[in-house]
Enquirer: 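First, the structure itself, so that you have it in front of you.
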2 protein chains.
Amino acid sequence: MRTNPERRTALVDAAIEVLAADGARGLTFRSVDVAAGVPNGTTSNYFANRDDLLLQAGLRIHDRLGADPAHLDQPPSTEFLTSLLQLLQQRLTKDRTGYLALLELRLEATRRPTLQEALTKKVRENLDENIRLHQEHGLPGDPLLLYLTVGGYMLEQLTLPGVLPDGLLEKVIRQLAGSTPV
Amino acid sequence: MRTNPERRTALVDAAIEVLAADGARGLTFRSVDVAAGVPNGTTSNYFANRDDLLLQAGLRIHDRLGADPAHLDQPPSTEFLTSLLQLLQQRLTKDRTGYLALLELRLEATRRPTLQEALTKKVRENLDENIRLHQEHGLPGDPLLLYLTVGGYMLEQLTLPGVLPDGLLEKVIRQLAGSTPV
DNA sequence: ATCACAGTACTCTGCTTGTAGTGGTTTACC
DNA sequence: GGTAAACCACTACAAGCAGAGTACTGTGAT
(Lines give C-alpha, C1' and ligand atoms only; values in the text may rest on other atoms or scores of the structure.)
Protein backbone atom coordinates (compact mmCIF):
# COMPACT_ATOMS: atom_id res chain seq x y z
CA MET A 1 0.00 0.00 0.00
CA ARG A 2 1.66 3.25 -1.20
CA THR A 3 1.14 6.47 0.70
CA ASN A 4 2.25 9.36 -1.54
CA PRO A 5 -0.50 11.89 -0.70
CA GLU A 6 -0.46 13.92 -3.93
CA ARG A 7 -0.81 10.85 -6.04
CA ARG A 8 -3.46 9.53 -3.70
CA THR A 9 -5.74 12.53 -4.07
CA ALA A 10 -5.00 12.64 -7.78
CA LEU A 11 -6.27 9.10 -8.01
CA VAL A 12 -9.37 9.87 -5.98
CA ASP A 13 -10.10 12.86 -8.21
CA ALA A 14 -9.66 10.65 -11.24
CA ALA A 15 -12.10 8.21 -9.68
CA ILE A 16 -14.65 11.01 -9.39
CA GLU A 17 -14.18 11.83 -13.06
CA VAL A 18 -14.72 8.21 -13.95
CA LEU A 19 -17.83 8.01 -11.80
CA ALA A 20 -19.37 10.98 -13.55
CA ALA A 21 -18.35 9.86 -17.01
CA ASP A 22 -19.01 6.14 -16.90
CA GLY A 23 -20.96 5.58 -13.72
CA ALA A 24 -20.30 3.07 -11.02
CA ARG A 25 -20.30 0.49 -13.77
CA GLY A 26 -17.19 1.99 -15.29
CA LEU A 27 -15.27 2.44 -12.08
CA THR A 28 -12.44 -0.10 -12.05
CA PHE A 29 -8.87 0.12 -10.91
CA ARG A 30 -7.76 0.17 -14.50
CA SER A 31 -10.16 2.89 -15.59
CA VAL A 32 -8.91 5.08 -12.75
CA ASP A 33 -5.36 4.39 -13.82
CA VAL A 34 -6.21 5.57 -17.30
CA ALA A 35 -8.13 8.64 -16.15
CA ALA A 36 -5.30 9.67 -13.86
CA GLY A 37 -2.72 9.06 -16.55
CA VAL A 38 -0.70 6.68 -14.42
CA PRO A 39 0.55 3.20 -15.28
CA ASN A 40 -1.66 0.16 -14.98
CA GLY A 41 -1.78 -1.29 -11.52
CA THR A 42 -1.13 1.98 -9.70
CA THR A 43 -4.62 2.28 -8.23
CA SER A 44 -4.34 -1.31 -7.11
CA ASN A 45 -1.30 -0.29 -5.13
CA TYR A 46 -3.04 2.61 -3.43
CA PHE A 47 -6.41 1.21 -2.46
CA ALA A 48 -7.28 -2.07 -0.86
CA ASN A 49 -10.35 -2.67 -2.99
CA ARG A 50 -13.18 -1.01 -4.87
CA ASP A 51 -15.13 -0.30 -1.71
CA ASP A 52 -12.22 1.61 -0.30
CA LEU A 53 -11.90 3.63 -3.47
CA LEU A 54 -15.61 4.49 -3.48
CA LEU A 55 -15.51 5.55 0.13
CA GLN A 56 -12.56 7.86 -0.44
CA ALA A 57 -14.32 9.38 -3.44
CA GLY A 58 -17.44 9.95 -1.37
CA LEU A 59 -15.52 11.83 1.29
CA ARG A 60 -13.49 13.84 -1.17
CA ILE A 61 -16.45 15.02 -3.20
CA HIS A 62 -17.80 16.98 -0.29
CA ASP A 63 -14.51 18.76 0.10
CA ARG A 64 -14.56 19.69 -3.55
CA LEU A 65 -18.16 20.86 -3.62
CA GLY A 66 -18.31 22.44 -0.22
CA ALA A 67 -15.28 24.67 -0.21
CA ASP A 68 -16.37 28.12 -1.34
CA PRO A 69 -17.41 30.25 1.60
CA ALA A 70 -16.18 33.50 0.03
CA HIS A 71 -19.61 34.63 -1.08
CA LEU A 72 -21.14 34.48 2.34
CA ASP A 73 -20.06 37.92 3.46
CA GLN A 74 -23.06 39.62 1.99
CA PRO A 75 -26.21 41.33 3.19
CA PRO A 76 -28.89 38.93 4.47
CA SER A 77 -31.73 39.66 2.14
CA THR A 78 -33.95 38.07 -0.43
CA GLU A 79 -31.63 39.51 -3.04
CA PHE A 80 -28.84 37.60 -1.42
CA LEU A 81 -30.87 34.44 -1.48
CA THR A 82 -31.52 34.65 -5.19
CA SER A 83 -27.93 35.55 -5.95
CA LEU A 84 -26.78 32.62 -3.87
CA LEU A 85 -28.99 30.32 -5.86
CA GLN A 86 -27.83 31.71 -9.14
CA LEU A 87 -24.39 30.90 -7.91
CA LEU A 88 -25.60 27.41 -7.30
CA GLN A 89 -26.81 27.27 -10.85
CA GLN A 90 -23.39 28.34 -12.06
CA ARG A 91 -21.82 25.60 -10.01
CA LEU A 92 -24.19 23.09 -11.45
CA THR A 93 -22.68 23.68 -14.86
CA LYS A 94 -19.13 24.26 -13.68
CA ASP A 95 -18.91 21.36 -11.27
CA ARG A 96 -21.30 19.09 -13.08
CA THR A 97 -18.80 16.29 -12.78
CA GLY A 98 -18.78 16.43 -9.00
CA TYR A 99 -22.54 16.51 -8.64
CA LEU A 100 -23.01 13.67 -11.08
CA ALA A 101 -20.43 11.59 -9.27
CA LEU A 102 -22.23 12.28 -6.01
CA LEU A 103 -25.47 11.04 -7.52
CA GLU A 104 -23.78 7.88 -8.67
CA LEU A 105 -22.38 7.40 -5.21
CA ARG A 106 -25.78 7.87 -3.62
CA LEU A 107 -27.15 5.10 -5.77
CA GLU A 108 -24.18 2.91 -5.05
CA ALA A 109 -24.66 3.56 -1.35
CA THR A 110 -27.96 1.72 -1.63
CA ARG A 111 -25.92 -1.46 -1.84
CA ARG A 112 -23.00 -0.58 0.43
CA PRO A 113 -23.85 0.05 4.07
CA THR A 114 -20.42 1.45 4.85
CA LEU A 115 -20.63 3.95 2.04
CA GLN A 116 -24.20 4.83 2.98
CA GLU A 117 -23.18 5.53 6.53
CA ALA A 118 -20.31 7.77 5.48
CA LEU A 119 -22.39 9.66 2.93
CA THR A 120 -25.29 10.12 5.31
CA LYS A 121 -22.95 11.71 7.80
CA LYS A 122 -21.46 14.07 5.26
CA VAL A 123 -24.76 15.05 3.66
CA ARG A 124 -26.35 15.68 7.00
CA GLU A 125 -23.45 17.86 8.05
CA ASN A 126 -23.88 19.77 4.85
CA LEU A 127 -27.58 20.19 5.47
CA ASP A 128 -27.04 21.31 9.05
CA GLU A 129 -24.50 23.84 7.87
CA ASN A 130 -26.97 25.11 5.31
CA ILE A 131 -29.63 25.57 7.93
CA ARG A 132 -27.22 27.25 10.29
CA LEU A 133 -26.08 29.75 7.69
CA HIS A 134 -29.64 30.37 6.63
CA GLN A 135 -30.74 31.22 10.13
CA GLU A 136 -27.58 33.07 11.04
CA HIS A 137 -28.07 35.43 8.13
CA GLY A 138 -31.77 35.75 8.78
CA LEU A 139 -32.62 34.65 5.29
CA PRO A 140 -36.24 34.37 4.18
CA GLY A 141 -37.97 31.06 3.52
CA ASP A 142 -37.70 27.65 5.09
CA PRO A 143 -34.23 26.14 4.67
CA LEU A 144 -35.45 22.55 4.54
CA LEU A 145 -37.99 23.38 1.90
CA LEU A 146 -35.30 25.15 -0.07
CA TYR A 147 -33.01 22.18 0.31
CA LEU A 148 -35.56 19.76 -1.06
CA THR A 149 -36.57 21.96 -3.93
CA VAL A 150 -33.06 22.74 -5.00
CA GLY A 151 -32.20 19.05 -4.72
CA GLY A 152 -35.08 18.14 -7.00
CA TYR A 153 -34.09 20.81 -9.45
CA MET A 154 -30.51 19.61 -9.55
CA LEU A 155 -31.49 16.01 -10.12
CA GLU A 156 -33.70 17.01 -12.98
CA GLN A 157 -31.17 19.27 -14.63
CA LEU A 158 -28.33 16.83 -14.24
CA THR A 159 -30.08 13.83 -15.69
CA LEU A 160 -32.86 15.05 -17.99
CA PRO A 161 -32.14 18.70 -18.73
CA GLY A 162 -34.89 18.89 -21.33
CA VAL A 163 -37.79 18.45 -18.95
CA LEU A 164 -38.04 21.66 -16.95
CA PRO A 165 -38.91 25.02 -18.49
CA ASP A 166 -36.22 27.72 -18.62
CA GLY A 167 -35.80 30.06 -15.70
CA LEU A 168 -37.78 27.85 -13.38
CA LEU A 169 -35.35 27.99 -10.52
CA GLU A 170 -35.59 31.75 -10.21
CA LYS A 171 -39.38 31.72 -10.15
CA VAL A 172 -39.43 28.96 -7.61
CA ILE A 173 -36.92 30.66 -5.39
CA ARG A 174 -38.94 33.83 -5.48
CA GLN A 175 -41.93 31.88 -4.20
CA LEU A 176 -39.98 30.11 -1.52
CA ALA A 177 -38.44 33.30 -0.23
CA GLY A 178 -41.93 34.42 0.61
CA SER A 179 -42.94 31.38 2.61
CA THR A 180 -42.52 31.09 6.32
CA PRO A 181 -40.37 28.51 8.14
CA VAL A 182 -41.94 25.34 9.51
CA MET B 1 -35.33 -12.41 -32.10
CA ARG B 2 -38.20 -14.07 -30.17
CA THR B 3 -41.53 -12.29 -29.77
CA ASN B 4 -43.53 -14.02 -27.02
CA PRO B 5 -45.05 -10.94 -25.31
CA GLU B 6 -45.56 -12.40 -21.83
CA ARG B 7 -42.00 -13.53 -21.62
CA ARG B 8 -40.85 -10.24 -23.04
CA THR B 9 -42.49 -8.14 -20.35
CA ALA B 10 -41.42 -10.66 -17.73
CA LEU B 11 -37.85 -10.10 -18.85
CA VAL B 12 -38.25 -6.34 -18.79
CA ASP B 13 -39.70 -6.52 -15.30
CA ALA B 14 -36.79 -8.67 -14.25
CA ALA B 15 -34.46 -6.07 -15.74
CA ILE B 16 -36.09 -3.43 -13.54
CA GLU B 17 -35.53 -5.60 -10.50
CA VAL B 18 -31.90 -6.01 -11.41
CA LEU B 19 -31.51 -2.28 -11.96
CA ALA B 20 -32.84 -1.51 -8.51
CA ALA B 21 -30.88 -4.26 -6.82
CA ASP B 22 -27.52 -4.07 -8.53
CA GLY B 23 -27.61 -0.85 -10.48
CA ALA B 24 -26.72 -0.32 -14.09
CA ARG B 25 -23.47 -2.02 -13.26
CA GLY B 26 -25.23 -5.26 -12.60
CA LEU B 27 -27.54 -5.20 -15.58
CA THR B 28 -26.33 -7.86 -17.99
CA PHE B 29 -28.18 -10.33 -20.16
CA ARG B 30 -27.15 -13.09 -17.86
CA SER B 31 -28.26 -11.32 -14.67
CA VAL B 32 -31.67 -10.72 -16.21
CA ASP B 33 -31.87 -14.37 -17.13
CA VAL B 34 -31.23 -15.27 -13.53
CA ALA B 35 -33.67 -12.72 -12.11
CA ALA B 36 -36.40 -13.87 -14.46
CA GLY B 37 -35.71 -17.50 -13.71
CA VAL B 38 -35.16 -18.42 -17.33
CA PRO B 39 -32.25 -20.28 -18.91
CA ASN B 40 -29.03 -18.54 -19.84
CA GLY B 41 -29.12 -16.89 -23.20
CA THR B 42 -32.85 -16.17 -23.17
CA THR B 43 -32.50 -12.41 -22.77
CA SER B 44 -29.96 -12.45 -25.57
CA ASN B 45 -32.63 -13.93 -27.77
CA TYR B 46 -35.20 -11.28 -26.92
CA PHE B 47 -33.21 -8.06 -27.05
CA ALA B 48 -30.75 -6.87 -29.62
CA ASN B 49 -28.34 -5.38 -27.07
CA ARG B 50 -28.06 -3.75 -23.70
CA ASP B 51 -29.22 -0.40 -25.01
CA ASP B 52 -32.40 -1.95 -26.26
CA LEU B 53 -33.01 -3.61 -22.92
CA LEU B 54 -32.45 -0.35 -21.02
CA LEU B 55 -34.80 1.51 -23.31
CA GLN B 56 -37.56 -1.04 -22.84
CA ALA B 57 -37.08 -0.88 -19.09
CA GLY B 58 -37.30 2.91 -19.19
CA LEU B 59 -40.59 2.83 -21.02
CA ARG B 60 -42.07 0.09 -18.91
CA ILE B 61 -41.26 1.73 -15.60
CA HIS B 62 -43.58 4.59 -16.32
CA ASP B 63 -46.40 2.19 -17.01
CA ARG B 64 -45.76 0.51 -13.70
CA LEU B 65 -45.47 3.66 -11.65
CA GLY B 66 -48.11 5.71 -13.41
CA ALA B 67 -51.07 3.40 -13.43
CA ASP B 68 -53.22 4.16 -10.40
CA PRO B 69 -55.81 6.83 -11.18
CA ALA B 70 -58.43 5.41 -8.83
CA HIS B 71 -57.75 7.94 -6.10
CA LEU B 72 -58.43 10.93 -8.28
CA ASP B 73 -62.19 10.98 -7.83
CA GLN B 74 -62.02 13.00 -4.67
CA PRO B 75 -62.85 16.51 -3.56
CA PRO B 76 -60.36 19.13 -4.75
CA SER B 77 -59.07 20.52 -1.52
CA THR B 78 -55.96 20.95 0.52
CA GLU B 79 -56.97 17.84 2.39
CA PHE B 80 -56.96 16.03 -0.87
CA LEU B 81 -53.50 17.32 -1.69
CA THR B 82 -52.03 16.06 1.53
CA SER B 83 -53.76 12.71 1.23
CA LEU B 84 -52.47 12.40 -2.29
CA LEU B 85 -48.96 13.01 -1.09
CA GLN B 86 -49.28 10.57 1.73
CA LEU B 87 -50.28 8.12 -0.93
CA LEU B 88 -47.08 9.02 -2.72
CA GLN B 89 -45.18 8.27 0.43
CA GLN B 90 -46.83 4.88 0.62
CA ARG B 91 -45.83 4.21 -2.94
CA LEU B 92 -42.29 5.18 -2.19
CA THR B 93 -42.03 2.25 0.18
CA LYS B 94 -44.22 -0.12 -1.80
CA ASP B 95 -42.73 0.52 -5.21
CA ARG B 96 -39.25 1.37 -4.05
CA THR B 97 -37.85 -0.95 -6.67
CA GLY B 98 -39.42 0.95 -9.52
CA TYR B 99 -38.31 4.37 -8.30
CA LEU B 100 -34.78 3.18 -7.68
CA ALA B 101 -34.60 1.64 -11.12
CA LEU B 102 -35.82 4.91 -12.59
CA LEU B 103 -33.06 6.76 -10.81
CA GLU B 104 -30.50 4.35 -12.16
CA LEU B 105 -31.92 4.84 -15.62
CA ARG B 106 -31.74 8.61 -15.31
CA LEU B 107 -28.06 8.35 -14.50
CA GLU B 108 -27.51 5.91 -17.31
CA ALA B 109 -29.32 8.27 -19.66
CA THR B 110 -26.49 10.70 -19.10
CA ARG B 111 -24.39 8.47 -21.32
CA ARG B 112 -27.03 7.25 -23.77
CA PRO B 113 -28.68 9.88 -25.93
CA THR B 114 -31.37 7.52 -27.16
CA LEU B 115 -32.37 6.60 -23.64
CA GLN B 116 -32.23 10.21 -22.54
CA GLU B 117 -34.54 11.24 -25.33
CA ALA B 118 -37.05 8.53 -24.51
CA LEU B 119 -36.96 9.24 -20.77
CA THR B 120 -37.25 12.98 -21.26
CA LYS B 121 -40.38 12.43 -23.30
CA LYS B 122 -41.93 10.15 -20.72
CA VAL B 123 -41.03 12.29 -17.73
CA ARG B 124 -42.26 15.41 -19.39
CA GLU B 125 -45.56 13.72 -20.22
CA ASN B 126 -45.81 12.71 -16.61
CA LEU B 127 -45.11 16.25 -15.46
CA ASP B 128 -47.63 17.72 -17.88
CA GLU B 129 -50.24 15.27 -16.67
CA ASN B 130 -49.47 16.25 -13.09
CA ILE B 131 -49.93 19.90 -13.89
CA ARG B 132 -53.13 19.24 -15.79
CA LEU B 133 -54.68 17.26 -12.95
CA HIS B 134 -53.55 19.84 -10.47
CA GLN B 135 -55.22 22.66 -12.31
CA GLU B 136 -58.27 20.64 -13.31
CA HIS B 137 -58.99 19.89 -9.68
CA GLY B 138 -58.20 23.41 -8.62
CA LEU B 139 -55.64 22.23 -6.13
CA PRO B 140 -53.70 24.73 -4.06
CA GLY B 141 -50.02 25.48 -4.52
CA ASP B 142 -47.79 25.62 -7.56
CA PRO B 143 -47.57 22.25 -9.31
CA LEU B 144 -44.01 22.79 -10.55
CA LEU B 145 -42.82 23.74 -7.12
CA LEU B 146 -44.53 20.67 -5.73
CA TYR B 147 -42.93 18.53 -8.38
CA LEU B 148 -39.43 19.72 -7.58
CA THR B 149 -39.87 19.41 -3.84
CA VAL B 150 -41.35 15.96 -3.98
CA GLY B 151 -38.60 14.92 -6.37
CA GLY B 152 -35.95 16.12 -3.97
CA TYR B 153 -37.66 14.37 -1.09
CA MET B 154 -37.83 11.12 -2.99
CA LEU B 155 -34.19 11.21 -4.00
CA GLU B 156 -33.18 11.78 -0.42
CA GLN B 157 -35.38 9.06 1.04
CA LEU B 158 -34.43 6.52 -1.59
CA THR B 159 -30.69 6.92 -1.31
CA LEU B 160 -29.88 8.29 2.15
CA PRO B 161 -32.96 7.74 4.29
CA GLY B 162 -31.16 8.82 7.45
CA VAL B 163 -30.69 12.46 6.49
CA LEU B 164 -34.11 14.06 6.66
CA PRO B 165 -36.11 14.46 9.86
CA ASP B 166 -39.32 12.47 10.28
CA GLY B 167 -42.58 13.84 9.05
CA LEU B 168 -40.89 16.44 6.90
CA LEU B 169 -42.96 15.80 3.80
CA GLU B 170 -46.20 16.63 5.54
CA LYS B 171 -44.88 19.88 6.94
CA VAL B 172 -43.47 20.86 3.61
CA ILE B 173 -46.64 20.05 1.76
CA ARG B 174 -48.63 22.14 4.20
CA GLN B 175 -46.39 25.07 3.40
CA LEU B 176 -46.58 24.56 -0.31
CA ALA B 177 -50.34 24.28 -0.32
CA GLY B 178 -50.41 27.82 0.96
CA SER B 179 -48.20 29.31 -1.72
CA THR B 180 -49.55 30.76 -4.90
CA PRO B 181 -48.79 29.50 -8.43
CA VAL B 182 -46.07 31.16 -10.49
C1' DA C 1 -45.12 -31.38 -41.34
C1' DT C 2 -43.85 -26.96 -40.34
C1' DC C 3 -43.03 -23.19 -37.38
C1' DA C 4 -41.85 -20.80 -33.26
C1' DC C 5 -40.03 -21.14 -29.16
C1' DA C 6 -37.80 -23.22 -24.70
C1' DG C 7 -33.86 -24.76 -23.02
C1' DT C 8 -28.80 -26.54 -23.20
C1' DA C 9 -24.25 -26.10 -24.00
C1' DC C 10 -20.36 -24.32 -25.87
C1' DT C 11 -16.76 -21.04 -27.63
C1' DC C 12 -14.69 -16.82 -27.94
C1' DT C 13 -13.40 -12.58 -26.42
C1' DG C 14 -12.12 -9.05 -23.46
C1' DC C 15 -11.45 -7.11 -19.06
C1' DT C 16 -9.93 -7.02 -14.32
C1' DT C 17 -7.33 -8.11 -10.65
C1' DG C 18 -3.33 -8.73 -8.13
C1' DT C 19 1.45 -9.12 -7.86
C1' DA C 20 6.36 -9.91 -8.90
C1' DG C 21 10.24 -7.65 -10.42
C1' DT C 22 13.27 -3.78 -11.85
C1' DG C 23 15.22 0.45 -11.64
C1' DG C 24 15.37 5.18 -9.90
C1' DT C 25 15.17 8.70 -6.19
C1' DT C 26 15.06 10.45 -1.79
C1' DT C 27 16.28 10.16 3.23
C1' DA C 28 19.08 9.11 6.98
C1' DC C 29 23.03 7.97 9.05
C1' DC C 30 27.91 7.49 9.59
C1' DG D 1 30.13 13.10 1.11
C1' DG D 2 29.33 8.47 0.57
C1' DT D 3 26.62 4.45 1.60
C1' DA D 4 22.51 1.90 2.91
C1' DA D 5 17.74 1.62 3.46
C1' DA D 6 13.22 2.81 2.32
C1' DC D 7 10.01 4.16 -0.81
C1' DC D 8 8.00 4.50 -5.06
C1' DA D 9 7.09 4.52 -10.28
C1' DC D 10 6.55 1.65 -13.80
C1' DT D 11 6.45 -2.73 -16.56
C1' DA D 12 4.88 -7.00 -17.36
C1' DC D 13 2.52 -10.99 -16.64
C1' DA D 14 -0.53 -14.92 -14.93
C1' DA D 15 -4.78 -16.29 -13.89
C1' DG D 16 -9.42 -16.01 -13.64
C1' DC D 17 -13.88 -14.59 -14.69
C1' DA D 18 -17.88 -12.91 -16.85
C1' DG D 19 -20.40 -11.88 -20.50
C1' DA D 20 -21.92 -12.19 -25.40
C1' DG D 21 -23.53 -14.64 -28.86
C1' DT D 22 -24.94 -18.76 -31.22
C1' DA D 23 -25.60 -23.46 -32.73
C1' DC D 24 -28.25 -27.27 -31.58
C1' DT D 25 -31.97 -30.23 -29.80
C1' DG D 26 -36.46 -31.07 -28.20
C1' DT D 27 -41.40 -29.92 -28.00
C1' DG D 28 -45.89 -28.25 -28.69
C1' DA D 29 -49.18 -26.01 -31.56
C1' DT D 30 -51.26 -25.18 -36.02
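These numbers were taken from a predicted model, which means no experiment stands behind them. The chains referred to below are lettered A, B, ... by the order of the sequence lines, with proteins before strands, and numbering in each begins at 1.
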Enquirer: On DNA chain C, check which nucleotide each of A/Arg25 and B/Arg2 is closest to and give me the residue with the more 5' one.
Expert: B/Arg2

Enquirer: Give a yes or no on whether a donor-acceptor pair under 3.5 Å exists between the nucleobase atoms of D/dG19, that is its base, and the side chain of B/Arg50.
Expert: no

Enquirer: Starting the side chain at C-beta, find the nucleotide from D/dG19, D/dG21, D/dA9 nearest to B/Phe29.
Expert: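 From the listed options, D/dG21 comes nearest.
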
Enquirer: How many Å lie between CZ on A/Arg30 and P on C/dG18, as a whole number?
Expert: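 Whole-Å distance recorded here is 9 Å.
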
Enquirer: Does the cation-pi check pass for B/Arg2 over B/Phe47, that is, NZ or CZ under 6.0 Å from the six-membered ring centre and within 45° of its axis?
Expert: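 Because its charged atom misses either the 6.0 Å distance or the 45° angle limit, B/Arg2 does not stack over B/Phe47.
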
Enquirer: For C/dA6 and B/Tyr46 - does any side-chain N or O of the residue sit under 4.0 Å from the phosphate oxygens OP1/OP2?
Expert: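 Checking C/dA6 against B/Tyr46, a side-chain N or O does come within under 4.0 Å of OP1 or OP2.
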
Enquirer: Taking the basic N atoms (NZ, or NE/NH1/NH2) and the acidic carboxylate oxygens, is any pair closer than 4.0 Å for B/Glu108 and B/Arg50?
Expert: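 Yes, B/Glu108 and B/Arg50 are salt-bridged.
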
Enquirer: Return no unless some side-chain N or O of B/Ser44 is found under 4.0 Å from OP1 or OP2 of D/dT22.
Expert: no

Enquirer: Among D/dG19, D/dT11, D/dT22, which nucleotide has an atom closest to any side-chain atom of B/Asn45?
Expert: D/dT22

Enquirer: Can you check the A/Asn40 CG to D/dA12 P distance for me, whole Å?
Expert: 11 Å

Enquirer: Hey, which sits more toward the 5' end of DNA chain C by its nearest nucleotide, B/Gly37 or A/Gly26?
Expert: B/Gly37

Enquirer: Is there a side-chain contact between B/Thr3 and the phosphate of C/dC5, meaning an N or O under 4.0 Å from OP1 or OP2?
Expert: yes

Enquirer: Between P on D/dG19 and CG on B/Asp22, what's the gap in Å once rounded to a whole number?
Expert: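 Atom CG in B/Asp22 sits about 10 Å away from atom P in D/dG19.
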
Enquirer: Please check the phosphate of C/dA6 (OP1 and OP2 only) for any side-chain N or O of B/Asn4 closer than 4.0 Å.
Expert: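 For B/Asn4, the contact criterion (side-chain N or O under 4.0 Å from OP1 or OP2 of C/dA6) is met.
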
Enquirer: Let me see the working for B/Asp142 and A/Lys171 under salt bridge (Lys or Arg N to Asp or Glu O under 4.0 Å), right down to the final yes or no.
Expert: CA-CA 11 Å; B/Asp142 179 0; A/Lys171 291 189 192 165; over 6 Å; no

Enquirer: Rounded to whole angstroms, how far apart are CG on A/Leu27 and C1' on C/dT17?
Expert: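 So the two atoms are 14 Å apart, to the nearest Å.
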
Enquirer: Provide, to the nearest angstrom, the distance between the CZ atom belonging to B/Arg8 and the C1' atom belonging to C/dA6.
Expert: 15 Å

Enquirer: Distance check needed: D/dC7 P versus A/Met1 CE, whole Å only.
Expert: 14 Å

Enquirer: Between atom CG in B/Leu53 and atom C1' in D/dG19, what is the gap in whole Å?
Expert: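 Rounded to whole Å, this separation is 14 Å.
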
Enquirer: Is the phosphate of C/dA6 approached by B/Arg7 (side-chain N or O, under 4.0 Å from OP1 or OP2)?
Expert: yes

Enquirer: How many whole angstroms separate atom CG of B/Asp33 from atom P of D/dA18?
Expert: 15 Å

Enquirer: Checking B/Thr43 against B/Asp33: is there a side-chain donor and acceptor pair closer than 3.5 Å?
Expert: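 B/Asp33 vs B/Thr43: donor-acceptor pair found between side chains.
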
Enquirer: For atom CD of B/Glu129, decide whether the heavy atoms of other residues, nucleotides or ligands shown that lie under 6.0 angstrom number more than 12.
Expert: yes

